[in-house]
Amino acid sequence: MLTIKQITENKEAVLERLAVKNFKNPALVDEIIELDSNRKKIQFQGDSLQAELNKIAKEIGGLMKSGKVQEAEQLKKRNTEIKEETAKLNQELAATEEKLNSLLVQLPNLPHASVPVGKSAEDNVVVRSGGEIPTLGEKAIPHWELAKKFDIIDFELGTKLTGAGFPVYKGKGAKLQRALINFFLEEATAAGYREFMPPLMVNEDSGFGTGQLPDKEGQMYHVTIDNFYLIPTAEVPVTNIFRDVIVSSSELPIKATAYTPCFRREAGSYGKDVRGLNRLHQFDKVEIVQVAHPSKSYEILEQMVAHVEGLVKKLGLPYRILRLCGGDMSFTSALTYDFEVFSSAQQRWLEVSSVSNFESFQANRLKLRFREEADKKTMLAHTLNGSALALPRIVAALLENNQTEKGIKLPEVLVPFAGFEYID
RNA sequence: GGAGAGAUGGGUGAGUGGCUGAAACCAACGGUUUGCUAAACCGUCGUACUCUGCAAAGGGUACCGGGGGUUCGAAUCCCCCUCUCUCCGCCA
């Protein structure tokens, strides 16, 4: 969430930035500022009274020791009065803080200056593209049919075991998953990311820290008996490693990577978008996360984009990189690049990665700070993350784009990991 | 799941009602000493909010796992919760 300081010190700029995210509610911002100023007043009153109370309590202690019981009793009465007043103020303070917090949490992150204005995905800007779209013509088979033909992914079986959106990978299909995961992890660790294997369920605090709670509660599977949430992305556990942490500026940037399955309820999705591997309730993904110094975070964002670009290039997939417009960005992000690969039987672009800078928005929730070596001051760090990469749509594109007479031809880079060249 | 023990600052760990935001030691940082390293010695060494101030700086409040209570006053007493450890049971 935004810090109160950000809001009170730059109200006009904040409103202007929020408008880019199509968040137009100046009254809410005014209310926040008002509540904050109330909070300060109440706290000052309460603190002053408490100071008096503490002082008197000490005096009583002294009097009791020297046997001046009557004088002590007099003072006790005074303190009892003060206590009633502080109790009232404390209640007021708690109520004000709670209200303030509930409003603060409703404000999305401020978009970066480079974020295009726009309402929907149509207003996203293509930054660059690469690779060649293969011309397969009319005979191109969509991946869900190829998956069936080669018996590598079984959607019906998954439905039997669990439900729609939980496919079963079989034979070379399963091995391909493993090859991709290993390939992505090797690339990430070679780029200096430290590998983690986090829990796949998180508690409420973690869900709040990265911004899934309370806004997107419905997106996650909730294990109510223990009040845990199945992770929708490794971002949640990996970023929360740094919750309530103060690191030295010399340790930045911190680079972490993790492979995890991801679980998403995707309530309300339907139609051709969800066909085959296009949208699943459980899928595999390798995530990269960085904790960065605020002065470096945008430079780092570009590095992360370059890393992901390297992956799709090595896989030989036709891709494009989009800068998301204000209306299409997530609640928590300040700047997001989406990667899409072209899947040539479906004749459409599929999103395979989303790389974002959250600036201090998550860090504020996480209480993730760093200490500047030079002046010893603590500041909120910046957090970034990106998919590198999400598997299902990569597999969809690979199957469709690489279909040949002899079967599905694997990209060179995957052959050592998979142990075969063709799915046939 | 049953029984018991515990949770204090970066770490170890003292502290059972006031002089304790918290001893001591270790680590870390700054300095003195030193040919260098080490040792020794001196100093610094939590976080958040807030008030005064242009600032430098100074003051206040809160925090000893979390929440509530007793008391003029709580790390210390009471209640609830969470977590950790040990033993038993179960088990990959």
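Throughout, protein chains are lettered first and strands after them, A, B, ... in sequence-line order, and every chain is numbered starting at 1. As a basis for the values below, the full set of heavy atoms in this structure was taken, side chains included, without hydrogen atoms, waters or symmetry mates.
In this structure B/U76 sits in no base pair that meets the Watson-Crick or G-U test at under 3.5 Å. Base pairing of B/C36 is not made with any nucleotide, judged by Watson-Crick or G-U wobble geometry with both donor-acceptor distances under 3.5 Å. Using the Watson-Crick or G-U wobble rule with both distances under 3.5 Å, B/C19 pairs with nothing in any strand shown. Pair assignment for B/A56: none, as no Watson-Crick or G-U wobble contacts are both less than 3.5 Å. Pairing partner, B/U71: none, since no Watson-Crick or wobble contact has both distances short of 3.5 Å. Remark: B/U44 base-pairs with B/A28; criterion is Watson-Crick or G-U wobble with both hydrogen-bond distances under 3.5 Å. Across all strands shown, B/C83 forms a Watson-Crick or G-U wobble pair, both distances under 3.5 Å, with B/G6. Applying the Watson-Crick and G-U wobble criteria (two distances, each under 3.5 Å), B/G89 pairs with nothing in any strand.
Listed by chain and number, the residues in a side-chain contact (heavy atoms from CB on, under 4.5 Å) with A/Ala121 are A/Asn124, A/Asp328 (sequence neighbours excluded). Residues satisfying the salt bridge (Lys or Arg N to Asp or Glu O under 4.0 Å) test with A/Asp424, not counting sequence neighbours, are A/Lys172. Listed by chain and number, the residues in a side-chain contact (heavy atoms from CB on, under 4.5 Å) with A/Val223 are A/Met201, A/Ile225, A/Phe228, A/Leu230 (sequence neighbours excluded). Partners of A/Lys296 under the side-chain contact (heavy atoms from CB on, under 4.5 Å) rule, at least two apart in sequence or in another chain, are A/His293, A/Glu299, A/Ile300.
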Show me the donor-acceptor pairs, under 3.5 Å and distance only, between side chains in residues 280-289 of chain A and residues at least two apart or in other chains.
{"unit_1": "A/His281", "atom_1": "ND1", "unit_2": "A/Tyr221", "atom_2": "OH", "d": "3.3"}
{"unit_1": "A/His281", "atom_1": "ND1", "unit_2": "A/Arg264", "atom_2": "O", "d": "2.7"}
{"unit_1": "A/His281", "atom_1": "ND1", "unit_2": "A/Arg265", "atom_2": "O", "d": "3.0"}
{"unit_1": "A/Asp284", "atom_1": "OD1", "unit_2": "A/Tyr259", "atom_2": "OH", "d": "2.5"}
{"unit_1": "A/Asp284", "atom_1": "OD2", "unit_2": "A/Gln177", "atom_2": "NE2", "d": "3.2"}
{"unit_1": "A/Lys285", "atom_1": "NZ", "unit_2": "A/Thr233", "atom_2": "OG1", "d": "2.8"}
{"unit_1": "A/Lys285", "atom_1": "NZ", "unit_2": "A/Glu287", "atom_2": "OE1", "d": "2.6"}

Pairs under 3.5 angstrom only: tabulate donor-acceptor contacts from the side chains of residues 31-45 of chain A to other protein residues two or more places apart or in another chain.
{"unit_1": "A/Asp36", "atom_1": "OD1", "unit_2": "A/Arg39", "atom_2": "NH1", "d": "2.2"}

Atom pairs and distances, donor-acceptor, side-chain atoms in residues 74-87 of chain A, under 3.5 Å, two or more places apart:
{"unit_1": "A/Lys76", "atom_1": "NZ", "unit_2": "A/Glu73", "atom_2": "OE2", "d": "3.4"}
{"unit_1": "A/Asn79", "atom_1": "ND2", "unit_2": "A/Leu53", "atom_2": "O", "d": "3.4"}
{"unit_1": "A/Thr80", "atom_1": "OG1", "unit_2": "A/Lys76", "atom_2": "O", "d": "2.8"}
{"unit_1": "A/Thr86", "atom_1": "OG1", "unit_2": "A/Ile82", "atom_2": "O", "d": "3.3"}
{"unit_1": "A/Thr86", "atom_1": "OG1", "unit_2": "A/Lys83", "atom_2": "O", "d": "2.9"}

Between side-chain atoms of residues 14-30 of chain A and protein atoms elsewhere (two or more places apart, or another chain), which donor-acceptor pairs fall under 3.5 Å?
{"unit_1": "A/Arg17", "atom_1": "NH1", "unit_2": "A/Pro111", "atom_2": "O", "d": "2.8"}
{"unit_1": "A/Arg17", "atom_1": "NH1", "unit_2": "A/His112", "atom_2": "O", "d": "2.9"}
{"unit_1": "A/Lys21", "atom_1": "NZ", "unit_2": "A/Asn109", "atom_2": "O", "d": "3.3"}
{"unit_1": "A/Lys21", "atom_1": "NZ", "unit_2": "A/Ser330", "atom_2": "O", "d": "2.7"}
{"unit_1": "A/Lys21", "atom_1": "NZ", "unit_2": "A/Phe331", "atom_2": "O", "d": "3.1"}
{"unit_1": "A/Lys21", "atom_1": "NZ", "unit_2": "A/Ser333", "atom_2": "O", "d": "2.7"}
{"unit_1": "A/Asn22", "atom_1": "ND2", "unit_2": "A/Gly118", "atom_2": "O", "d": "3.2"}
{"unit_1": "A/Asn25", "atom_1": "OD1", "unit_2": "A/Leu28", "atom_2": "N", "d": "3.3"}
{"unit_1": "A/Asp30", "atom_1": "OD1", "unit_2": "A/Lys11", "atom_2": "NZ", "d": "2.7"}

Which atom pairs, one a donor and one an acceptor, fall under 3.5 Å between side chains of residues 381-389 of chain A and the rest of the protein, sequence neighbours left out?
{"unit_1": "A/His382", "atom_1": "ND1", "unit_2": "A/Ser297", "atom_2": "OG", "d": "2.8"}
{"unit_1": "A/Thr383", "atom_1": "OG1", "unit_2": "A/Gln362", "atom_2": "OE1", "d": "2.7"}
{"unit_1": "A/Asn385", "atom_1": "ND2", "unit_2": "A/Glu235", "atom_2": "OE1", "d": "3.4"}
{"unit_1": "A/Asn385", "atom_1": "ND2", "unit_2": "A/Glu235", "atom_2": "OE2", "d": "3.3"}
{"unit_1": "A/Ser387", "atom_1": "OG", "unit_2": "A/Ser354", "atom_2": "N", "d": "3.2"}

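Per the geometry, CG belonging to A/Asn90 stands 14 Å off C1' belonging to B/U50, to the nearest Å. As rounded to whole Å, 15 Å separates atom C1' of B/U71 from atom CD of A/Glu84. Counting to the nearest Å, the P atom of B/U71 and the CD atom of A/Glu73 are 13 Å from each other. Between the P atom of B/C72 and the CD atom of A/Glu85 lies a distance of 17 Å, rounded to the nearest Å. A straight line from CD of A/Glu71 to P of B/C72 spans 18 Å, rounded to a whole angstrom. Between A/Glu59 atom CD and B/C19 atom P the separation is 14 Å, expressed in whole Å. With rounding to whole Å, A/Asp226 atom CG is found 15 Å from B/C81 atom C1'. Remark: C1' of B/U71 and NZ of A/Lys83 are 6 Å apart, rounded to the nearest angstrom.
Taking only side-chain nitrogens and oxygens, A/Ser248 never comes nearer than 4.0 Å to OP1 or OP2 of B/A28. Within the 4.0 Å cut-off from OP1 or OP2 of B/U47, at least one side-chain nitrogen or oxygen of A/Arg371 is found.
Taking atom C1' on both nucleotides, B/G13 is separated from B/A7 by 13 Å, rounded to a whole Å. On the P atoms, B/A38 is 15 Å away from B/U32, given to the nearest whole Å. Rounded to whole Å, the C1' atom of B/A39 lies 10 Å from the corresponding atom of B/U34. Rounded to whole Å, the separation between the C1' atoms of B/C19 and B/C26 comes to 28 Å. Rounded to a whole angstrom, the distance from the P atom of B/A57 to that of B/U44 is 16 Å. Nucleotides B/A23 and B/U8 have their P atoms positioned 16 Å apart, rounded to a whole Å. Between B/A74 and B/G18, the distance separating the two P atoms is 11 Å to the nearest Å. To the nearest whole angstrom, the two P atoms, one in B/A75 and one in B/A22, are 12 Å apart.
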Kindly give the atom pairs (protein nitrogen or oxygen, nucleotide nitrogen or oxygen) under 3.5 Å for nucleotides 74-80 of chain B.
none

Short heteroatom pairs, N/O only, protein and nucleotides 15-18 of chain B, under 3.5 Å:
{"unit_1": "B/G18", "atom_1": "N2", "unit_2": "A/Ala57", "atom_2": "O", "d": "2.6"}

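Annotation: A/Lys99, atom NZ; neighbour count of heavy atoms from other residues, nucleotides and ligands within 6.0 Å does not exceed 12.
For A/Leu252 against A/Val291, the heavy-atom pair with the smallest separation is CD2-O, 3.6 Å.
Within a heavy-atom distance below 4.0 Å of RNA chain B, the residues of residues 30-54 of chain A found are A/Arg39, A/Lys40, A/Gln43, A/Phe44, A/Asp47, A/Gln50, A/Ala51, A/Asn54.
Nearer to the 5' terminus of RNA chain B, by closest-nucleotide assignment, is the contact made by A/Lys377 (compared with the other of A/Lys377 and A/Lys55). Map A/Thr378 and A/Asn79 each onto its nearest nucleotide of RNA chain B; the residue landing nearer the 5' end is A/Thr378.
A/Ser360 places no side-chain N or O within donor-acceptor distance of the main-chain N or O of A/Ala363, the cut-off being under 3.5 Å.
Remark: A/Lys148 NZ to A/Trp144 CH2 distance equals 12.5 Å, nearest 0.5 Å.
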Test log, rule side chain to side chain donor-acceptor pair (under 3.5 Å), inputs A/Thr189 and A/Glu195: CA-CA 7 Å; A/Thr189 49; A/Glu195 188 175 341; 5.3 Å; no

